[in-house]
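These values consider heavy atoms only, across backbone and side chains, with no hydrogens, waters or symmetry-generated copies.
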Amino acid sequence: MVESVSIGAAFLAGIIAFLSPCVLPIIPGYIAYISGVSAAQMSAEETKKIDWNVVYSAIAFVIGFSIVFTALGAASTFIGQLLQEYKLIISKIAAVLVILLGVHFTGVFQSKRAKEWLFAIFGISLVLYGYGYFRTKDFLNDFWLLPVIAIALLIFYFTGAYQILYQQKTTEVKRKPAGIIGAFIVGVAFAFGWTPCIGPVLGAILLYASQQETVMQGVVLLFAFSMGLGIPFILTAMAINQFFRFFNFMRKYFLVIEIVGGLLLIFVGILLLTNSLEAISSLIPLE
């Protein structure tokens, strides 16, 4: 079965995706769209009781995107199994991509000091590679890909290719069927909408799922991610007034959320690159 630390990380990734600057602000709009109740009505002071019709619509919406994400997890693991012969090199490539997605998530490319940050990353990668070489005396040690990643980041930035990652893609349902079925369909459409915020997190989880031994493990990982994203959504539908107060508080920390989320992805990528994630999992007793 999937290690508890991996499930927890996937769930946390879902929460980070929910709190990201391009998801959290649109939550009331999605709830209003799927339920047919305007955000103004939901946030009215006289609205004190839970509107269960809104909650049921939110649950259907979450089920819709959860089915898609979970299916993607199963597909990723299945494809990974087909390429079992090349699992070692694929795991390294997956780790590199997770690190790249993490750097993107931090917003480094759009920073005014992007050049300085990228050259700093390059310097750190050389230090880590040097440490790996002196520890193993092997030029192709566990860290040899880090300088390659850093060089790729520099090329990606100076050619302007990084702007592709910030192009938002959405899937819209122009004519939403009424009721629970309509909310479910919108949830499915939401799952196929890739934005600069949720894409890197979901992509990282899918890459990790591709390295699992069984399809069920990939399903569990993506289900955990879906619950991390979906449970806060349902709670928002149950307490929209509290959400608006929460949003006003959290908007001040959007930059921090991006940086922390990006660093977590980078950290996970490094653990995957060095095969250290399993070692950490073994230190956590399962009871």
Side-chain angles (χ1 to χ4, degrees), residues 9 12-14 16-26 76 89-133 139-170 192-211 225 251-274 276-277:
L12 177 61
I16 291 175
F18 178 85
L19 296 175
S20 60
C22 56
V23 172
L24 193 64
I26 65 174
S76 296
I89 184 63
I90 291 176
S91 66
K92 298 299 183 183
I93 295 174
V96 170
L97 290 175
V98 170
I99 294 173
L100 288 174
L101 291 171
V103 173
H104 158 61
F105 196 86
T106 62
V108 164
F109 292 124
Q110 291 187 322
S111 170
K112 293 181 179 179
R113 302 182 60 183
K115 295 179 182 178
E116 289 84 351
W117 283 113
L118 291 173
F119 279 120
I121 292 173
F122 179 67
I124 293 172
S125 70
L126 289 180
V127 171
L128 290 174
Y129 172 74
Y131 165 76
Y133 173 73
F139 284 105
L140 295 179
N141 60 74
D142 289 336
F143 296 102
W144 75 270
L145 284 174
L146 292 183
V148 176
I149 296 171
I151 293 173
L153 285 172
L154 290 172
I155 294 174
F156 209 53
Y157 175 75
F158 285 107
T159 61
Y162 71 93
Q163 296 176 2
I164 297 174
L165 292 175
Y166 292 94
Q167 294 178 357
Q168 182 165 328
K169 299 179 181 179
T170 57
F192 288 106
W194 294 75
T195 69
C197 288
I198 195 174
V201 181
L202 178 59
I205 299 298
L206 288 174
L207 287 169
Y208 183 53
S210 70
Q211 301 305 302
F225 170 81
R251 67 193 307 174
K252 299 180 292 185
Y253 301 100
F254 278 161
L255 180 60
V256 175
I257 292 171
E258 285 186 321
I259 293 175
V260 171
L263 291 177
L264 285 174
L265 287 179
I266 293 171
F267 179 64
V268 170
I270 293 175
L271 291 179
L272 291 173
L273 191 66
T274 57
S276 301
L277 191 58

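- In terms of the ring-ring contact (aromatic ring centres under 6.0 Å, His included) criterion, Phe18 has no residue partners (sequence neighbours excluded).
- Nearest heavy-atom pair, Tyr157 versus Lys115, reported as atom, atom and distance to 0.1 Å: CE2-CG, 3.8 Å.
- Taking both residues in full, the closest heavy atoms of Phe254 and Leu19 are given as CE2-O, 3.7 Å, listed atom of the first, atom of the second, then distance.
- Rounded to the nearest 0.5 Å, atoms OG (Ser76) and CD (Gln211) are 10.0 Å apart.
- Annotation: side chain of Phe225 is in contact with side chain of Val201 (closest heavy-atom distance under 4.5 Å).
- Legend: residues meeting ring-ring contact (aromatic ring centres under 6.0 Å, His included) with Phe158, ordered by chain and number and at least two apart, are absent.
- Two residues are said to be in side-chain contact when any heavy atoms from C-beta on lie closer than 4.5 Å; Trp144 and Ser125 fail this criterion.
- Of all heavy-atom pairs spanning Ile259 and Thr106, the tightest one is O-CG2, 3.8 Å.
- Contact annotation: the side chain of Ile121 never approaches that of Leu146 to less than 4.5 Å [non-hydrogen atoms, C-beta and beyond].
- Nearest heavy atoms, Ile257 versus Phe105: O-CE2, 4.0 Å.
- Residues Tyr208 and Val98 fail the side-chain proximity criterion, which asks for heavy atoms closer than 4.5 Å.
- Rounding to the nearest 0.5 angstrom, the gap separating the CG atom in Leu154 from the CD1 atom in Ile149 is 12.0 Å.
- Phe119 meets the ring-ring contact (aromatic ring centres under 6.0 Å, His included) test with no other residue; sequence neighbours excluded.
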key: From CA spacing to verdict: side-chain contact (heavy atoms from CB on, under 4.5 Å), Val260, Ile16   = CA-CA 9 Å; Val260 171; Ile16 291 175; 5.7 Å; no
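- Side-chain N or O atoms of Tyr129 include one that pairs as donor or acceptor with a backbone N or O of Phe139 at under 3.5 Å.
- Residue His104 holds its NE2 atom at 9.0 Å from CZ of Phe156, rounded to the nearest 0.5 Å.
- Interatomic distance, Leu207 CG to Leu100 CG, rounded to the nearest 0.5 Å: 10.5 Å.
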request  = Check step by step if side-chain contact (heavy atoms from CB on, under 4.5 Å) holds for Leu265 and Ile99.
outcome  = CA-CA 6 Å; Leu265 287 179; Ile99 294 173; over 6 Å; no
